[in-house]
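Report on the structure given below.
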2 protein chains.
Amino acid sequence: MDALTIHEAAQTTGWSARMLRYVERLGLIEPQRSAAGYRIYGAGELQRLRTLRELLDEHGIGLGDVAFAERLRRERDLRTAVEGWIESEPRRPETVSADDWLRWEQEKHARLLAAATAPTPTMETTA
Amino acid sequence: MDALTIHEAAQTTGWSARMLRYVERLGLIEPQRSAAGYRIYGAGELQRLRTLRELLDEHGIGLGDVAFAERLRRERDLRTAVEGWIESEPRRPETVSADDWLRWEQEKHARLLAAATAPTPTMETTA
DNA sequence: CAAACCTTACCACAACTGTGTCAAGGTTCC
DNA sequence: GGAACCTTGACACAGTTGTGGTAAGGTTTG
């Protein structure tokens, strides 16, 4: 039995029928339709529904996030714009006035010590 | 004058001071701090603030979307997980029973025609 | 030291998200 | 033709997001 109706699909995947429609409206999973317009979930959709659930739970993200990720890879200009902005990395304080700069340098050590307790050691670059 | 306080930065970038703090809390733009803890916006931050505004407006996305994009490129396992899911593209109905398949093929033309008239009808909610 | 800044931490509030339920109507199938 | 499905659309409601305030308290500087 591969072709399931929405309620059957809901039952076997742990989603609700309501959410299946919602997931579809977000453009994440769009099942085939029968001649009468009934949604028909095949094995592929069922698999994607289950892995989608895992994806959300394991990384603490939302449906909207996945939808946005899809937009990112479908809309090229959007992707380049977003990536371009992100890559315009925050500069060192090369732009501030000299006296302030001194203060910053002085406090930098204190700041670094404080920051050492905070989790942000990811300095990887894919450039 | 490159080192601006939060209100000055707000004024020159069009954001509100409130939103500058919000943008910072989202991890998007984290200005340096003076010895006393005052936020100090340099030319780099100002530029990023302005381009951020454009980015949001031009593509109709939200701050959370940009923050998520940043997460995507910082957290490698998240990125691979999301991309993996997205690339598990929805299959053709190879998984459904044969008779249903026939119906689908038959109605596909009608469906395509119908879809052609409704490009992306965003259902209006009753205001 | 007082004015005019800044800070964090709350209260507030509209809009959107995620989710349920219900209604009115079409489809399937016995 | 009626039970048991499905469809879209709407009302509802808690939680989050985006945004504004305000309060209590440090900082800077005339």
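Chain letters run A, B, ... following the sequence lines, proteins first and then strands; every chain starts at 1. Heavy atoms only: backbone and side chains are in, while hydrogens, waters and symmetry mates are out.
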To the nearest Å, how far apart are [X] [atom1] and [N] [atom2]?
| X | N | atom1 | atom2 | answer |
| --- | --- | --- | --- | --- |
| B/Ile6 | C/dC5 | CD1 | P | 14 Å |
| A/Met19 | C/dT19 | CE | P | 4 Å |
| B/Arg21 | C/dA9 | CZ | P | 12 Å |
| B/Tyr22 | C/dA9 | OH | P | 16 Å |
| B/Arg25 | D/dG20 | CZ | C1' | 14 Å |
| B/Ile40 | D/dT28 | CD1 | C1' | 12 Å |
| A/Glu8 | D/dT7 | CD | P | 11 Å |
| B/Arg33 | C/dT7 | CZ | C1' | 8 Å |

- In terms of side-chain heavy atoms, does A/Arg50 have a donor or acceptor partner in A/Thr13 at a distance below 3.5 Å?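 There is no such pair between these side chains.
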Review point. Any side-chain donor paired with an acceptor under 3.5 Å for B/Thr51 and B/Glu54?
Key: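 Not at all, the side chains of B/Thr51 and B/Glu54 share no donor-acceptor pair under 3.5 Å.
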Tell whether B/Tyr38 reaches the base of D/dG26 with its side chain through a donor-acceptor pair below 3.5 angstrom.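 Indeed there is one.
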request  = List the steps and the verdict of salt bridge (charged side-chain N to carboxylate O under 4.0 Å, His left out) for A/Arg33 and A/Glu24.
outcome  = CA-CA 12 Å; A/Arg33 296 296 189 110; A/Glu24 179 180 18; 3.3 Å; yes
[N], OP1 or OP2 - any side-chain N/O from [X] closer than 4.0 Å?
| X | N | value |
| --- | --- | --- |
| A/Ser34 | D/dC6 | no |
| A/Arg39 | D/dT7 | yes |
| B/Thr5 | C/dC6 | yes |

For B/Arg18 and for A/Gly62, locate the closest nucleotide of DNA chain C by heavy-atom distance; then report the residue assigned to the nucleotide nearer the 5' terminus.
->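 Closer to the 5' end of DNA chain C: B/Arg18.
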For B/Glu83, I'd like to know if atom CD has over 12 heavy atoms of other residues, nucleotides or ligands within 6.0 Å.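 Counting neighbours around CD of B/Glu83, more than 12 heavy atoms of other residues, nucleotides or ligands fall under 6.0 Å, so yes.
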